[in-house]
Amino acid sequence: GFLAIHCAAAYRSRSFCETLINQYPESLLSVNERGDAPIHFAFGFGKKETAEYFYSLAPTSIEIANNDGMCPIHYATSNPHTSEVIKFLLQQHPQEAARLVDSELPLHLAVEASELVTDPSADERQRQLEIVKCLFDVHPAAILEKDSAGKLPLCMVRDGWYGKEIRDFL
């Protein structure tokens, strides 16, 4: 199951997480049955202040891979609300833009996630485009790398208005 710190990392404030860590310091690196540490949730849910806090306590925790090989960068690239945590992570460790999971780079995951944008508002599409741009800026060679299905990032963008901005950028 999930520990309180996992839920707090996803849904609560940094100060709430600090209180939990102060009371239960061992929970900082605790993993659930999927192998997810609290930092996976903070990055995956776009909780920048919380992600920064966890990182400040355990910088190497960004390298923790869960049972599926996913690190915090992989969770963050799949959510359009995470552009700020991705920028933070790539400022600290630009090499994370090249971290593979199942033969896919974070750029592949971000492009795939553009199909999952359910809100037709320009804001959500713009945030997903920001993620793609941020990953490209740090690792431009990624646009030439194929995923496990043999597709380039540009070929992964579907026709339609959700991915138009990303397709035009790539």
Quiz prompt | Minimum-distance pair of heavy atoms, taken over all atoms of Gly44 and Asn79 | solution = O-ND2, 2.9 Å

Self-check item: Pair Tyr11 + Phe41: ring centers closer than 6.0 Å
Solution: no

Quiz prompt | Common cluster, Tyr75/Ile86, ILVMFWY with side-chain heavy-atom separation under 4.5 Å | solution = no

Practice problem: Could you tell me whether the side chain of Leu90 reaches within less than 4.5 Å of the side chain of Leu135, counting heavy atoms only? | Solution: yes

Quiz item: Taking only residues two or more places apart in sequence, or in another chain, which ones meet Glu49 in a side-chain contact (heavy atoms from CB on, under 4.5 Å)?
Solution: Arg14

Quiz item: Do Ile21 and Leu57 come within less than 4.5 Å of each other through their side chains, counting heavy atoms only?
Solution: yes

Self-check item: Distance flag, aromatic centroids of Phe169 and Phe136, threshold under 6.0 Å
Solution: yes

Quiz prompt | Cys155 side chain near Leu152 side chain, heavy-atom distance below 4.5 Å | solution = yes

Self-check item: Sub-6.0 Å ring centroid separation between Phe88 and Tyr55
Solution: yes

Self-check item: Over all atoms of both residues, closest heavy-atom pair of Pro38 and Ser30
Solution: CD-O, 3.1 Å

Practice problem: Return the minimal non-hydrogen interatomic distance between Ala97 and Leu105, and the atom names on each side. | Solution: O-CD2, 4.1 Å

Quiz item: Using 4.0 Å as the upper bound for N to carboxylate O, is an ion pair formed by Glu84 and Lys87?
Solution: yes

Practice problem: Evaluate the criterion side-chain contact (heavy atoms from CB on, under 4.5 Å) for residue pair Phe43 and Leu89; output intermediate values, then yes/no. | Solution: CA-CA 9 Å; Phe43 275 89; Leu89 177 58; 3.7 Å; yes

Quiz item: Going by an N to O cut-off under 4.0 Å, is there a salt bridge joining Glu96 and Arg99?
Solution: yes

